[in-house]
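Can you read through this structure? Questions will come right after.
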Amino acid sequence: MNDQRIYNFNAGPAALPLAVLEEIRDSFTDFKGSGMSITEVSHRSVWFDDVINDAAERVKRLLSLDNRYHVLFLQGGASLQFCMIPMNFLSDDKSADYVNTGTWSTKAIKEAQIQGKSVAVVASSEDENFSYIPKDISFHEDAVFTHITSNNTIKGTQWQTFPDTAGVPLVADMSSDIMSRPFDVDKFGMIYAGAQKNIGPAGVCLVVIREDMLALSPDHIPTMLNYNTFASKNSMFNTPPCFAIYTLQLVMKWLEETVGGLDRMAERNAEKAKRLYDFIDESSFYTGTAATDSRSLMNVTFRLPDENLEATFVKEALDQGMGGLKGHRSVGGCRASIYNATGMDAIEALVDFMKAFEKKMG
Ligand SMILES: *Cc1c(COP(=O)(O)O)cnc(C)c1O
């Protein structure tokens, strides 16, 4: 590792592969002989066309998407999707199912409700502080879609397998675990992810949307909030977030060519998370907060015996080159976000530090 860089456990924006950052640095002032930076070229130029098309092609290959799916690059983050989804897909006579597994699902539900849309919250884990993923859910067969949050960044839970909704398309917020593992995309009518957790910098939201979902959008909604606007113009109805898309393209290239695809990525992620959870389970000083069968492989949440110790832990970790271990401000505690770009070396360093801290303070 580069000496000046820390082990970065931030939840988002989060660690990016060093090789990607180095490639950006090396080509920053002269992109592919253009004599311009990628931040200076026209989005209508051949240079940027190659970037956005290659980014979309790589997303299609990595997720094994067939031709029914469109890959879009939007702005407004995952949060704008909370609003666009019901606006585009839910007419007044129809209803959608939502599963509430934490802060982000709650926000998604709220954005549908403030538009006066009909929403059924078919399951929630709020009764136990969102520490688990609900099971045995009864979905409505006549729902237009079923919305889930695949990984709950704040509470540290993750759907291990996706629910069977009897043919109703799943719409999933995959902001914090997209590209971390392979999955069967067939069940999904739409997938979206703010890039800044696992696949790029802040500023772009990846949207994968199927044709039958695109067909639901009414004409009377604002142009910039209609998926068809972007699907029909290759995400370039207006100026797209060029630099963020370029970075995302390089992360997809790293996933395909350096990591070797999502199967390999999933193996690595499973190994990393196992090392950390096994250590936490063996310790009586650290306590995991998520139910064992619902644990996230991306965000490992845990507590220490008291809040003062937690504050000292976070501070001393940073002194030793490990950043971002403070839990989300809404829940406290500690959280190690171990996305794709976080290597086993970072996990080993963290476990060593946790052992030493426990010995000193426990
Ligand atoms: C971070 C996050 C969001 C919010 O993303 P923005 O791009 O900041 O709007 C939504 N959902 C999940 C699961 C997240 O982790």
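All values below come from the heavy atoms of this structure, side chains included, with hydrogens, waters and symmetry mates left out. Just follow the structure's listing: the first ligand is 1, and inside any ligand the first atom is 1.
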How close does the nearest protein non-hydrogen atom get to atom 5 (O) of ligand 1, and which residue and atom is it?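 Checking every protein heavy atom, the shortest distance to atom 5 (O) of ligand 1 gives A78 CB, 3.6 Å.
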For a quick check under 3.5 Å, do T149 and D173 share a side-chain donor-acceptor pair by atom type?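 Per modelled atom types, T149 and D173 side chains form no pair under 3.5 Å.
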Tell me which protein heavy atom sits closest to atom 9 (O) of ligand 1, plus the residue, atom name and distance to 0.1 Å.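 The answer is S79 OG, 2.6 Å.
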Beyond-backbone contact of R335 with L325, side-chain heavy atoms, under 4.5 angstrom: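 No. Closest side-chain heavy atoms not under 4.5 Å.
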Just need the protein heavy atom nearest to atom 2 (C) of ligand 1, so name the residue and atom and give the distance.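 Ranked first by proximity to atom 2 (C) of ligand 1 is K197 NZ, 2.5 Å.
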How close does the nearest protein non-hydrogen atom get to atom 11 (N) of ligand 1, and which residue and atom is it?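 Here the closest protein heavy atom is D173 OD2, 2.6 Å.
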T149 N/O to ligand 1 N/O under 3.5 Å: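 The answer is no, given that T149 and ligand 1 share no N or O pair closer than 3.5 Å.
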For residues N53 and N234, is any side-chain donor paired with an opposing acceptor at under 3.5 Å?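 The answer is yes; a qualifying pair exists.
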Using a distance-only test with no angle check, is there a side-chain donor-acceptor pair under 3.5 angstrom linking S294 and T157?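 No donor-acceptor contact under 3.5 Å links the two side chains.
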Mark the output for N151 as yes if a heavy-atom distance to ligand 1 is under 4.0 Å, and as no if none is.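 Checking ligand 1 against N151, which is what was asked, there is a heavy-atom contact under 4.0 Å.
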I need the atoms of ligand 1 closer than 4.0 Å to a non-hydrogen atom of G77, numbered in the order shown.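 Those qualifying, in numeric order: 7 (O), 9 (O).
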Ligand 1 versus Y192: contacting region, heavy-atom distance under 4.0 Å: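 Neither; nothing of Y192 gets under 4.0 Å from ligand 1.
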Nearest to atom 7 (O) of ligand 1, what protein heavy atom do you find, and at what distance?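 Minimum-distance protein heavy atom for atom 7 (O) of ligand 1 reads Q196 NE2, 2.9 Å.
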Does the side chain of I85 come within less than 4.5 Å of Y227's, by heavy atoms?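 In short, these two side chains touch, coming nearer than 4.5 Å.
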Can K197 be said to sit on top of W104's aromatic six-ring, NZ or CZ under 6.0 Å from centre and within 45° of the ring axis?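 The answer is yes; both the distance and angle limits are met.
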Which of the ligand 1 atoms, numbered from 1, are nearer than 4.0 Å to a heavy atom of S175: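 Close to S175: 10 (C), 11 (N), 12 (C), 13 (C), 14 (C), 15 (O).
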Do M361 and L304 make a side-chain contact, defined as non-hydrogen atoms from C-beta onward lying under 4.5 Å apart?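 Result no, sub-4.5 Å side-chain heavy-atom pair not found.
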Check: Q158 and L297 side chains under 4.5 Å, non-hydrogen atoms: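 Contact flag for L297/Q158 side chains = yes.
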Subset of ligand 1 atoms that lie under 4.0 Å from at least one heavy atom of F82: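 Contacts of ligand 1 toward F82, numbered from 1: 10 (C).
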